[in-house]
Structures are given as C-alpha cells and as structure tokens.
Protein chains: 2
Amino acid sequence: MGNYDVQKEVTDKYSLRGRVFNRIREDILSGKFKRGEELKETAIASELGVSRTPVREALRQLELEGLVNIIPNKGAYVMGITSKDVKDIYQIRSLLEGLCARWAASLVTDEQLDELEEIIYLSEFHAEKEHFDQVLELDNKFHELMYNISGSQILEHVLSDFHHYVQRVRKITMATKSRALKSNEEHKQIVEALKLKDADKAEALANQHMMNTIKNLSNYAIDDILGQGSESGN
Amino acid sequence: MGNYDVQKEVTDKYSLRGRVFNRIREDILSGKFKRGEELKETAIASELGVSRTPVREALRQLELEGLVNIIPNKGAYVMGITSKDVKDIYQIRSLLEGLCARWAASLVTDEQLDELEEIIYLSEFHAEKEHFDQVLELDNKFHELMYNISGSQILEHVLSDFHHYVQRVRKITMATKSRALKSNEEHKQIVEALKLKDADKAEALANQHMMNTIKNLSNYAIDDILGQGSESGN
DNA sequence: CTTGGTATCATTGTATACAATGATACCAAG
DNA sequence: CTTGGTATCATTGTATACAATGATACCAAG
C-alpha cells in the first residue's frame with residue numbers, strides 16, 4: 001500500500017542513470033555546458049565511464065525538464081535558461097511562494113516552526129561570517145521546508161523545480177552580506193506570520209520576499225552570470 | 001543559429017519513444033492505468049510491438065513528470081493525480097492564468113485577438129449544438145494560445161502541463177451546455193480586456209475564470225472521475 | 001502448522017550490436 | 001571557381017544479450 005505516494009525530489013541518486021542525470025543537470029545549470037552546445041551521447045558516456053544507455057535516458061529526462069532540446073536523429077542541445085526566463089521565474093515564484101505561505105499558515109506544526117527558526121538562526125550566523133555557501137544551502141533548506149509544509153505535492157514539485165533552476169543566479173546574489181542578511185530578515189518575518197497563523201500576512205510577505213529579490217537582481221548583469229553575451233567560437 | 005529556442009510541447013511524436021511516451025501518458029491521464037498499478041517494461045513493450053528500450057526511456061520521462069514512480073530495481077508504478085492535486089492545480093492556475101493574461105495584455109497583436117475571437121465564436125457554436133468534444137478541443141486551443149501570447153516560455157511550459165494534467169476532469173465538467181457556455185462567456189470577457197490592453201482587468205478576469213471552475217468542480221465527485229473509489233470494469 | 005532458508009524465476013539495469021539517419025569530404029562537370 | 005552528386009563517416013535509434021536484483025515457491029526443521 002501507499003508505496004507510491006512519496007514524490008521523489010529528483011531521480012534516484014544511486015543508479016548509474018541517476019548519477020549521470022544529476023551530473024549533466026548540474027553541468028548545465030552551473031554553466032559548464034554552454035547554451036546551444038551539442039551533447040554527444042558517446043562523448044558523455046566515455047567521459048563518465050558508462051555506456052550510452054544511461055546517458056540517453058538522462059538526456060531524455062532533461063529534455064522533458066526543458067534543459068535540453070533533442071532533435072530526432074540529430075542530437076541533443078543544451079537549452080539552459082535565459083535572463084528572461086530568470087525574471088519570469090521570479091515573477092511566477094512571487095505568486096506561488098505567496099500561495100505556499102498561505103497554505104503553510106494553517107498547516108504548520110510547532111516542530112516545523114522550530115525547524116524554520118533553527119535554519120534562520122544558523123543562516124544569520126553564517127551570513128555574519130560571510131560563509132556564503134552555507135547561506136545558500138540554508139536558503140535551499142528554508143524554501144524546501146516551506147514547500148513541504150504547504151501540504152501540496154504539486155506546489156512543492158513546481159516550486160522546487162523553479163527554485164533549483166535559478167540556483168546559479170541565487171549563488172551570486174546571495175553572496176553579499178547585506179542581501180544575505182536582508183533575505184534572512186524577510187524569512188524571519190514570514191515565520192512570525194506563520195506563528196500567528198496569519199495567512200494573509202504570510203502570503204503578502206512571501207510575495208514581497210520574491211519581489212525584493214527581483215529588485216535586487218537588477219543590480220546584476222544576469223546575462224553575464226548565465227554566460228549569454230559573448231560567444232566562444234563554434 | 002537559434003535552432004534550440006523552440007520549446008517543444010512534448011516529446012517528438014514520430015519516434016518510437018515519442019509514440020510510446022504519449023501512449024502511456026494518455027493511458028495514465030485517461031485512467032486506463034489505475035493509480036498504484038505496476039507498469040512492466042516487457043509487458044508494455046510486447047503490447048506495443050517494440051523493444052524495452054523505448055519503453056524504459058518513456059517511463060523515465062514520465063517519472064520526471066510525476067506520473068510514474070520508479071523504485072530502482074523493483075518497478076514502475078502509476079502515480080496518476082489525486083483529487084487534492086486537481087484542486088491544488090486549479091488554485092495554482094488561478095494565479096498563473098492571471099499572470100498570463102496580464103502579460104498577454106501588453107503583447108497581444110491584432111491577429112492574435114482575431115484568432116482568440118474565432119475560437120470563442122466556434123466554441124459557442126459547438127456548445128449550442130452540444131458537441132462537447134469540439135468544445136474541449138477549443139478550450140485547449142484558447143488556453144494554449146493565451147499561454148503563447150504571454151511571451152514567456154517558462155509560463156507557457158508550466159501552465160500547459162497543468163492544463164493537460166486536469167484534462168480528464170475538464171472533459172467531464174465541460175460536458176454540460178450551461179458550463180460550456182459560461183466558460184466561453186468568461187473567455188470572451190478576457191479577450192475584451194485584452195483588446196483594451198487593460199492588464200489589471202485581464203488578470204482579474206482570468207483569475208476569476210479559474211475560481212469559477214473550482215466552484216463548479218464542487219458539483220462533482222472528483223474522486224469518482226479519477227477512479228479512486230469504485231472501480232469500473234473496462 | 002509455523003518459521004526460516006534456499007533455489008528458482010521474473011524483472012530491471014547496463015552494455016553492446018546493428019540499422020537508420022544525417023553531415024561531411026571529395027570529385028567531376030560545367 | 002562553383003555546383004551538384006556520391007561515398008564515407010559519425011551519430012543516433014532500437015533491439016537484444018547478459019548481469020544484478022528482488023520476489024516467490026518450496027522444503028526442512030521444530
């Protein structure tokens with residue numbers, strides 16, 4: 001019974017296919033594979049020391065995620081995401097993070113509130129010390145936990161995807177002490193609203209949290225982060 | 001260049017894998033494969049007259065879509081969607097269809113307005129005649145076109161997925177003349193707002209369109225539509 | 001009859017073979 | 001030099017072979 005009701009974050013990490021999938025995905029999101037680049041099955045397979053089969057399966061999955069474009073009988077090409085995509089994602093997230101916070105307000109348990117506060121507390125510590133990797137990691141945790149608390153697998157799934165998609169951008173924007181602290185402060189306010197079970201306020205704050213992020217984004221040349229502008233010869 | 005910037009709706013329809021993928025997906029969404037059912041590679045392969053390879057690739061893709069749960073070394077199980085998922089999707093769509101209409105308001109061209117009006121006009125005709133298959137088809141077209149007009153690949157992608165996910169439910173709810181006409185009327189109002197380039201109004205109306213659908217949903221036993229409770233032999 | 005262990009079988013995971021397709025290099029004709 | 005065609009090669013698409021894993025049936029011990 002019910003062994004099918006656990007939505008897995010991403011593919012199984014222990015099979016070859018799972019490892020190949022995660023590896024290629026990371027390489028796209030981190031920018032190692034450039035937009036438009038062709039991904040040859042044999043090349044990737046030999047590089048990772050596996051056969052073409054797991055590579056093919058991984059590429060097919062990435063196609064569905066929109067990170068890869070497969071032209072039949074021709075090849076697989078990196079799609080990556082554009083700066084427009086990033087902006088759109090933050091707009092969409094603004095609405096959905098709001099909905100998430102709204103739902104979470106009526107479902108959150110005391111234990112979960114504790115967990116959220118612990119994350120915030122730790123994040124503050126690391127932000128002060130400028131341990132930006134940990135800050136990013138804790139930001140992930142905060143949002144993933146919020147998604148989980150919302151009680152909606154669908155919402156969790158879509159928000160989790162979007163959150164992951166913009167990781168490269170977040171990696172940059174979270175790497176300044178001021179923004180890290182500000183972001184953390186915003187998280188804290190959201191949790192306060194959850195404590196009061198104030199759904200309207202929680203929604204508005206989560207909403208605003210994303211809008212602030214968008215505002216902050218305008219300080220950066222997103223195209224450069226994504227490696228769009230200049231082109232290497234090909 | 002730029003041959004990689006066309007986001008494909010779903011996998012290529014002409015390869016074996018594409019056909020297998022679409023077939024299994026339809027069978028899950030239409031309810032032929034029941035929730036929790038095990039999908040054996042060899043059985044599906046021989047049924048469709050292909051080898052295991054395309055079946056495996058299709059199952060891996062469906063896993064990523066959340067329609068199938070794969071337990072490594074064990075098997076693939078149908079996840080389907082629950083009635084809670086359906087409700088969540090409509091809530092999410094309410095927000096995102098609103099955003100979509102807002103963006104569309106500033107981008108829509110005269111040709112696109114014509115297209116939208118043609119769809120509505122045809123839909124009215126078929127609704128009057130109670131040709132519900134055509135009504136559903138035109139509803140698909142209307143929304144897909146709206147998604148496209150929004151100018152956001154990301155938004156188009158996610159809304160298109162959600163829209164497709166609830167097709168089985170829509171198939172039922174759109175099959176009454178009154179709701180079909182009402183829905184069409186709502187579409188008409190949205191288009192009027194687009195004509196006036198009134199983004200606020202378009203958003204509010206699209207928003208409301210989904211909320212009305214949710215209200216309408218409560219007249220149905222969604223669990224039955226999804227085949228959760230009782231079993232129909234077929 | 002119940003429990004626990006082993007052999008057997010079904011099924012998935014991965015690698016590889018072969019077919020089909022598309023890209024490229026080369027050559028001949030003008 | 002340019003154009004068009006063909007042979008060759010690289011790459012993907014699909015099927016299949018074999019290994020690894022998990023499920024099941026059966027049997028022996030108590």
Side-chain angles (χ1 to χ4, degrees), chain A residues 1-4 6 8 10-25 27-28 33-34 36-65 67-79 233-234, chain B residues 1-4 6 8 10-25 27-28 33-34 36-65 67-79:
Chain A
M1 302 295 130
N3 60 350
Y4 47 83
V6 178
K8 282 183 297 183
V10 85
T11 330
D12 159 47
K13 290 185 183 58
Y14 304 105
S15 66
L16 274 191
R17 174 184 55 88
R19 292 212 322 268
V20 172
F21 174 87
N22 285 313
R23 172 68 179 274
I24 300 176
R25 190 171 196 265
D27 283 351
I28 292 175
F33 289 145
K34 303 272 183 288
E37 187 172 343
E38 183 168 5
L39 299 176
K40 296 199 180 127
E41 297 174 359
T42 43
I44 296 173
S46 70
E47 165 130 6
L48 302 183
V50 299
S51 78
R52 279 173 56 214
T53 307
V55 175
R56 275 184 68 82
E57 292 181 355
L59 287 176
R60 293 304 174 287
Q61 292 188 292
L62 290 164
E63 180 196 22
L64 212 74
E65 263 202 307
L67 289 178
V68 159
N69 182 30
I70 291 178
I71 301 176
N73 284 312
K74 192 152 178 292
Y77 301 86
V78 176
M79 296 279 283
N234 101 307
Chain B
M1 302 301 123
N3 59 352
Y4 47 82
V6 178
K8 281 184 298 184
V10 85
T11 332
D12 159 48
K13 289 185 182 59
Y14 303 104
S15 66
L16 274 191
R17 173 184 56 88
R19 293 211 323 269
V20 171
F21 174 85
N22 284 313
R23 172 67 178 274
I24 300 176
R25 191 170 195 264
D27 283 349
I28 292 175
F33 289 145
K34 302 274 183 284
E37 188 173 342
E38 183 169 5
L39 298 176
K40 294 193 182 138
E41 296 174 0
T42 43
I44 295 173
S46 70
E47 166 129 5
L48 302 183
V50 299
S51 78
R52 280 174 55 214
T53 307
V55 175
R56 275 183 68 83
E57 292 181 356
L59 287 175
R60 291 304 174 286
Q61 292 188 294
L62 289 163
E63 180 197 22
L64 213 73
E65 261 202 307
L67 289 177
V68 158
N69 182 28
I70 291 176
I71 301 176
N73 284 311
K74 191 152 178 292
Y77 301 87
V78 177
M79 295 279 283

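The structure presented is a predicted model; accordingly, all values stated were derived computationally and were not measured.
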Residue-phosphate contact under 4.0 Å: A:Arg60 side-chain N/O, D:dG13 OP1/OP2: yes
Interatomic distance, B:Leu62 atom CG to B:Asn69 atom CG [nearest 0.5 angstrom]: 12.0 Å
Sugar-phosphate, base or nothing in reach of A:Leu59, heavy atoms under 4.0 Å: nothing
Under 3.5 Å on both distances, the Watson-Crick or G-U partner of D:dA15: C:dT16
DNA chain D: 5'-proximal contact among A:Gly75 and A:Thr53 (nearest heavy atom): A:Gly75
A:Asn73 or A:Glu57, whichever maps to the more 5' nucleotide of DNA chain C: A:Glu57
Between P of D:dT12 and CZ of A:Arg52, the distance in whole Å: 7 Å
Nucleotide opposite C:dA23 in a Watson-Crick or G-U pair, distances under 3.5 Å: D:dT8
Approximate separation, where rounding is to 0.5 Å, of B:Glu41 CD and B:Arg56 CZ: 4.5 Å
NZ/NE/NH1/NH2 to OD/OE distance under 4.0 Å, A:Glu65 and A:Arg60: no
Among C:dT16, C:dG13, D:dG13, the one nearest A:Glu41 by side-chain distance: D:dG13
Residue of the set B:Ile28, B:Leu59, B:Val78 for which side chain to side chain contact (heavy atoms under 4.5 Å, CB included) holds with B:Leu67: B:Ile28
Rounded interatomic separation in angstrom, taking CD from B:Gln61 and P from D:dG13: 12 Å
Candidates D:dG22, C:dT14, C:dA23 - which lies nearest the side chain of A:Lys74: C:dA23
Residues, nucleotides or ligands: over 12 heavy atoms within 6.0 Å of B:Glu38 CD: yes
Which nucleotide in D:dG22, C:dA15, D:dT16 has an atom nearest any side-chain atom of A:Ser51: C:dA15
Strand partner of C:dT2, provided both Watson-Crick or wobble distances fall under 3.5 Å: D:dA29
Whole angstrom value for the distance that separates P of D:dT12 from CG of A:Asn69: 14 Å
Distance in angstrom units between A:Ile70 CD1 and C:dT21 P, rounded: 18 Å
Whole-Å distance separating the CD atom of A:Glu38 from the P atom of D:dT11: 8 Å
Below 4.0 Å: OP1/OP2 of D:dG13 and any side-chain N or O of A:Arg56: yes
Rounded distance (Å) that lies between atom C1' of C:dT14 and atom CG of A:Leu48: 14 Å
d(OH, B:Tyr77; C1', C:dT11) in whole Å: 10 Å
N or O in side chain of B:Lys40 less than 4.0 angstrom from C:dT11 OP1/OP2: yes
Nucleotide C:dT14, atom P - distance to CZ of A:Phe21 in whole Å: 15 Å
